[in-house]
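As structure tokens, the structure follows; a few thoughts come after it.
This is a predicted model, so every value here is computed, not measured. Here is the naming used below: chain letters follow the sequence lines, and residue numbers restart at 1 for every chain.
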Number of protein chains: 2
Amino acid sequence: MVKETSTYSISELAKEFGVTTRTIRHYEELQLLLPERQGQKRIYSLADRIKLKLIVRGKRIGLSLQESGELIHMYEPGRSNVDQLERTVEYIGASRQKLSQQLRDISTMLDELDKAETGCKAELESLRKAANKE
Amino acid sequence: MVKETSTYSISELAKEFGVTTRTIRHYEELQLLLPERQGQKRIYSLADRIKLKLIVRGKRIGLSLQESGELIHMYEPGRSNVDQLERTVEYIGASRQKLSQQLRDISTMLDELDKAETGCKAELESLRKAANKE
DNA sequence: ATTGCAGTTTACGTTAACGTAAGTTATATT
DNA sequence: AATATAACTTACGTTAACGTAAACTGCAAT
């Protein structure tokens, strides 16, 4: 069963993305989200949900809220003039470089984890052999 | 020309890794580094340098200093007993999972950047065509 | 009518990761 | 001997990203 409506309450989003409502309101304070209102209550659109998803994903790879904000901004209207578009393309290039570096870093770490694990398991083996000889 | 000695001053390391000496001392406050001393002066070994490298790399992919500290700990003596070794292997597994998730996140972001870039460039093209028609 | 959620605002508190400044010491150079 | 340079310690300051508490609102069910 998939959702049929395209609006969400704050607690629905909070539950879905594993954050608190305070966190979501905080993102709004920083202008990362700007939900509609029904009276006092915040009503989140599908677009808001996607932005939140991007923020949460960004956090997993160590982006600051500012950086996520800039990424969000890229997917938005602002494509008014050439100057703006060119700066966006530049920013995309820089982002790609940073992400590529992260890929390399993660590969290195995974390699090192493999080595460490192999070492641990060998160590465990020899400890168990020694224990059996008693 | 490669370094032949295997000790470093704090400012050498700071320069090499692009951090301040304050930062390096901070890592020592958190017990991530424990350099020798010559009187007051800190003398860093090759092992210290490697740890620092790991910390800096960890920061690039969004690890906290605590997490980097735990990773460092894994590469260290502690292999005394079976219990400890097993917990280390578990921790390695968890780390690998987290890193794998990051790999997926980064791939997704790179894809989205590609789409955004394509969109921008198309937009730029049509803007330029329009400008030429004047 | 009141009890109970789910939501709201306002505002101060907290943690991580350093920055920054002030004053001290040791070594090397002019 | 005086000065510069690189190190050091102590301690308070700062920013990001929320946490937490208090007090209020609106609607729904008992």
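Closest-nucleotide positions on DNA chain C for B/Lys41 and B/Ile55 were compared, and the one nearer the 5' end corresponds to B/Ile55. Nearest-nucleotide positions on DNA chain D place B/Thr21 closer to the 5' end than the other of B/Glu29 and B/Thr21. The residue among B/His26 and A/Ser11 whose nearest nucleotide of DNA chain C is located toward the 5' end is A/Ser11.
The side chain of B/Thr23 contributes no N or O atom lying less than 4.0 Å from OP1 or OP2 of C/dA17. Between D/dG19 and A/Thr20, a contact under 4.0 Å exists linking OP1 or OP2 to a side-chain N or O. At C/dC18, one or more side-chain N or O atoms of B/Tyr27 fall inside 4.0 Å of OP1 or OP2 (strictly under the cut-off).
For B/Arg42, taking side-chain heavy atoms from C-beta onward, the closest of the listed nucleotides C/dC18, D/dA17, D/dT9 is D/dT9. Side chain of A/Arg37, nearest nucleotide from C/dG19, C/dC18, C/dT9: C/dT9. Distance from the side chain of A/Arg25 is smallest to C/dT9 among C/dC18, C/dT9, D/dA7. Checking C/dT9, D/dC18, D/dC8 against the side-chain heavy atoms of A/Lys59 singles out D/dC18 as nearest. Comparing C/dG7, D/dC8, D/dC18 by their nearest atom to the side chain of B/Gln40 picks out D/dC8. Side-chain proximity of B/Leu65 to the nucleotides C/dG7, C/dA17, C/dT9 is greatest for C/dA17.
If you run side chain to side chain contact (heavy atoms under 4.5 Å, CB included) between B/Gln101 and each of B/Leu99, B/Leu103, B/Asp105, only B/Asp105 comes through. Between A/Lys51 and the options A/Val56, A/Leu71, A/Leu32, A/Ile72, a side chain to side chain contact (heavy atoms under 4.5 Å, CB included) holds for only A/Ile72.
Ion pairing between A/Arg128 and B/Glu86 holds under the 4.0 Å rule for side-chain N and carboxylate O.
Atoms OG and CG, on A/Ser6 and A/Asp48 in that order, are 10.5 Å from each other to the nearest 0.5 Å.
Evaluation of atom-type donor-acceptor distances gives a pair under 3.5 Å for the side chain of A/Arg22 against the base of D/dT20.
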